[in-house]
2 protein chains.
Amino acid sequence: MWYMSAARDPRSALVERAIDHLAEHGTTDLTLRGLAAGLGTSHRMLIYHFGSKDGLLVAVAREMERRQLAALAALREAPGADAGQVMRGMYRHLHDPALAPYMRLFFELYGRALRADEATRPMLAGVVESWLEPLVEFVTAAGVPPDEAAADARLCLAVARGLALDWLATGDDAALDAAAERFFTGLEQRWRDADRN
Amino acid sequence: MWYMSAARDPRSALVERAIDHLAEHGTTDLTLRGLAAGLGTSHRMLIYHFGSKDGLLVAVAREMERRQLAALAALREAPGADAGQVMRGMYRHLHDPALAPYMRLFFELYGRALRADEATRPMLAGVVESWLEPLVEFVTAAGVPPDEAAADARLCLAVARGLALDWLATGDDAALDAAAERFFTGLEQRWRDADRN
DNA sequence: TGGTACATGTACCATGTGGTACATGTCAGC
DNA sequence: GCTGACATGTACCACATGGTACATGTACCA
C-alpha cells in the first residue's frame with residue numbers, strides 16, 4: 001500500500017487521501033462507508049485507524065493545521081523580497097484555483113469548530129494565533145512600530161480570509177484583485193509614512 | 001399558536017424559532033426530531049411545512065438572507081452621521097455578543113453553500129453582491145471616485161467578515177477593536193486625501 | 001349544519017448509520 | 001518455520017433517521 005501515498009504509514013496515507021476526498025465532497029454528507037469507498041478501503045479500516053468518525057475528523061483537522069503551519073514556515077523563509085512582493089505573492093498563492101477545494105474545506109472545518117465541536121475545535125486554537133506571530137514579524141520588518149504591527153497583522157489576516165470567502169462565493173477574480181491591490185497600496189503608503197518618522 | 005411568535009403564519013413562526021435553535025446548536029448534528037423537540041412540535045410538522053429536511057434549510061437560509069438585507073436597509077437609512085461613525089457603528093453592531101450565535105450560523109451556512117449544497121446555495125448569490133451595492137454608495141458618498149469605490153466596498157466587506165471570523169474564534173475584543181480601528185483610520189486618511197483632489 | 005382547507009398527532013417503515021466480533025492475511029525478527 | 005503485532009475483510013447489530021399513511025382536530029364560510 002505504501003506506493004499509494006507519500007505517507008510512510010497507512011494511517012497518514014488515509015488522512016491525506018481523506019482530505020482530498022473531503023475537499024471534493026465536503027463534510028456535511030460524510031459517511032464512513034462513502035469515504036471508505038472513495039478511498040478504496042472499507043469503513044472498518046477507518047474505524048480501526050481513527051477509532052471513530054470524530055477521531056477521523058480530528059486527524060483531518062490536525063493535518064490541515066499542520067499544512068497551514070508548514071505553508072507559513074515556507075513564507076517565513078521567503079527570499080529577501082520587499083514587503084509588497086511578499087504580500088502579493090501570498091495573495092496569489094491563496095487564490096490559486098487548484099487550492100480552492102482545500103480553502104472550502106478549511107472554512108467548512110472552521111465553521112464546524114466554531115460550535116463546541118469536539119472533533120474540529122482543536123483547530124480553532126491555532127487558526128488565528130499561529131498565523132499572527134510571523135505576520136507581526138513581517139509587518140515589523142516593514143518598519144511598523146510593534147504596537148501598531150500587531151493590529152496590522154491581525155488586519156492582514158482578516159483581509160486574506162475575508163477576500164478568500166468572497167472569492168469562493170463569487171469567483172470574481174478581477175474585482176478581488178482590485179480590492180486586494182487597494183489594500184496593499186494603502187498599507188504600503190502607511191508603512192512608507194511610518195518609515196519617514 | 002400565534003402568540004408563540006411574531007410571525008403571522010405557523011410556517012414563518014417555525015422558521016424563526018428554527019433559526020434560534022440552529023444558532024444555538026449548529027447544523028451539523030441537525031435532526032428533524034431533535035429540532036422538533038426543541039421547538040415543542042413533532043418532526044411530522046416540519047416535514048408538513050417544509051416538505052423535507054432540505055426544504056427546511058432552504059427556508060432558514062432564505063430567512064437569514066432576508067434579515068441581512070433588512071439590516072442593510074436600516075444601515076442605508078442611517079442618520080446623516082459621518083462615514084467614520086457609520087463604519088464604527090456597523091462594526092460594533094456586528095460584534096454584539098448577543099449576535100454571535102447568529103454569526104456562527106451565518107458562517108456555517110456560508111460554508112455549506114460553498115459546496116454544491118442545493119439547500120443553502122441560493123444564499124450564496126446575495127451573500128456578497130447584495131452587500132456591495134449599498135457599500136459602494138456609502139463609499140462614494142465619502143468622496144471616493146466610483147472606480148475605486150467598488151474596490152473599497154469589497155475590501156470593507158472582506159474586513160468585516162474576516163474580523164468576524166477572528167472574533168468568533170478568539171473572542172479577543174481588544175485586539176480586534178485595535179485592528180478594526182487601524183483599518184478605519186487608514187481608510188479615512190485615504191478618503192481625506194481623495195477629497196483634497 | 002355541513003363541508004372544506006389547513007393544521008396536527010400517532011404509528012409505522014425501509015434504509016443507512018456508526019460501531020463491534022471475529023476470522024484472516026502479511027511480514028519482520030528470532 | 002513460528003510467533004506476534006499490525007493490518008484488513010466479512011458479517012452483523014442496534015438504533016436513529018427521513019419520510020409516509022392515515023386519522024383527527026380546528027376554524028371559517030355557505
Side-chain angles (χ1 to χ4, degrees), chain A residues 1-19 21-22 25-63 108-109 112 115-121, chain B residues 1-19 21-22 25-63 108-109 112 115-121:
Chain A
M1 293 292 278
W2 312 113
Y3 54 86
M4 298 187 68
S5 163
R8 282 180 311 279
D9 62 300
R11 192 190 132 106
S12 303
L14 280 177
V15 172
E16 291 184 7
R17 301 179 61 224
I19 286 180
H21 188 272
L22 290 180
H25 298 96
T27 68
T28 56
D29 297 328
L30 170 66
T31 75
L32 291 181
R33 280 172 173 82
L35 177 61
L39 266 52
T41 178
S42 64
H43 87 285
R44 171 68 181 81
M45 279 303 94
L46 298 177
I47 293 287
Y48 173 71
H49 284 293
F50 304 102
S52 69
K53 191 182 180 182
D54 266 9
L56 172 76
L57 279 175
V58 170
V60 165
R62 286 232 174 89
E63 171 62 13
E108 220 173 325
L109 293 177
R112 238 184 140 107
R115 301 282 152 197
D117 190 310
E118 284 302 322
T120 47
R121 197 170 33 184
Chain B
M1 293 289 279
W2 314 111
Y3 54 84
M4 296 188 71
S5 162
R8 283 180 311 279
D9 60 300
R11 193 190 131 107
S12 302
L14 280 176
V15 172
E16 291 184 6
R17 301 179 60 222
I19 286 180
H21 189 270
L22 290 179
H25 299 95
T27 68
T28 56
D29 297 328
L30 170 66
T31 75
L32 291 182
R33 280 175 173 80
L35 177 61
L39 266 50
T41 179
S42 65
H43 87 287
R44 171 66 183 80
M45 281 301 94
L46 299 177
I47 293 287
Y48 173 72
H49 284 293
F50 303 101
S52 69
K53 192 182 179 181
D54 266 9
L56 172 76
L57 280 175
V58 170
V60 165
R62 287 230 173 91
E63 171 64 12
E108 220 174 327
L109 294 177
R112 236 183 141 108
R115 301 282 153 198
D117 189 311
E118 285 302 322
T120 45
R121 199 171 32 185

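Proteins come first, then strands; the chains are lettered A, B, ... in the order of their sequence lines, and each starts at number 1. Model, not experiment: these values are computed from the prediction.
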Separation between CG of A:L32 and CG of A:L39, rounded to the nearest 0.5 Å = 11.0 Å

ask   = What's the CZ-P distance between A:R11 and D:dA5, to the nearest Å?
value = 20 Å

message = For B:A36 versus B:S42, what's the shortest heavy-atom pair and its separation?
response = CB-C, 3.3 Å

remark   = note: A:H49, atom NE2; C:dG18, atom C1'; distance rounded to Å ~ 17 Å

query = Please give, in whole Å, the distance from C:dT17 P to A:K53 NZ?
reply = 9 Å

key: Validation row: B:L22, B:E108 side chains within 4.5 angstrom (heavy atoms)   = no

inquiry  = Just verifying a value: how many Å separate B:I19 CD1 and B:R17 CZ, rounded to the nearest 0.5 Å?
reply    = 12.5 Å

request  = Using the closest heavy atom to pick a nucleotide of DNA chain C for each, name whichever of B:S42 or A:L32 lands nearer the 5' end.
outcome  = B:S42

request  = Would you indicate whether the side-chain heavy atoms of A:V60 and A:T27 approach each other to under 4.5 Å?
outcome  = no

request  = Let me know the distance between CZ of A:F50 and P of D:dA7, rounded to the nearest Å.
outcome  = 11 Å

inquiry  = Working to the nearest 0.5 angstrom, can you tell me the gap between A:D9 CG and A:H49 NE2?
reply    = 8.5 Å

query = Roughly how far, to the nearest 0.5 Å, is CZ of B:F50 from CG of B:L14?
reply = 5.0 Å

N/O contacts under 3.5 Å, protein versus nucleotides 12-16 of chain C?
none

inquiry  = How many whole angstroms separate atom OH of B:Y48 from atom P of C:dA5?
reply    = 12 Å

key: Overall bend - the helix from C:dT1-D:dA30 to C:dC30-D:dG1, comparing terminal axes fitted on five pairs, nearest 10 degrees   = 0°

note = Distance col, row B:E16:CD vs B:H21:NE2, nearest 0.5 angstrom, shows 16.0 Å

key: Protein-to-nucleotide contact annotation, 5' to 3' order, nucleotides 23-28 of chain C [B base; S sugar-phosphate only; - none; under 4.0 Å, heavy atom]   = ------

inquiry  = Using side-chain heavy atoms (C-beta onward) and a distance below 4.5 Å, is A:D29 in contact with B:R115?
reply    = no

task = Whole angstrom is fine here: how far is it from CE in B:M45 over to P in C:dT8?
result = 6 Å

note = One should read off an interatomic distance between A:T28 OG1 and A:R112 CZ, to the nearest 0.5 angstrom, of 8.5 Å

ask   = Is there side-chain contact between A:K53 and A:L30, with heavy atoms separated by less than 4.5 Å?
value = yes

inquiry  = What is the separation between atom CG on A:D29 and atom C1' on C:dT17, rounded to the nearest whole Å?
reply    = 13 Å

note = note: A:I47, atom CD1; C:dT17, atom C1'; distance rounded to Å ~ 10 Å

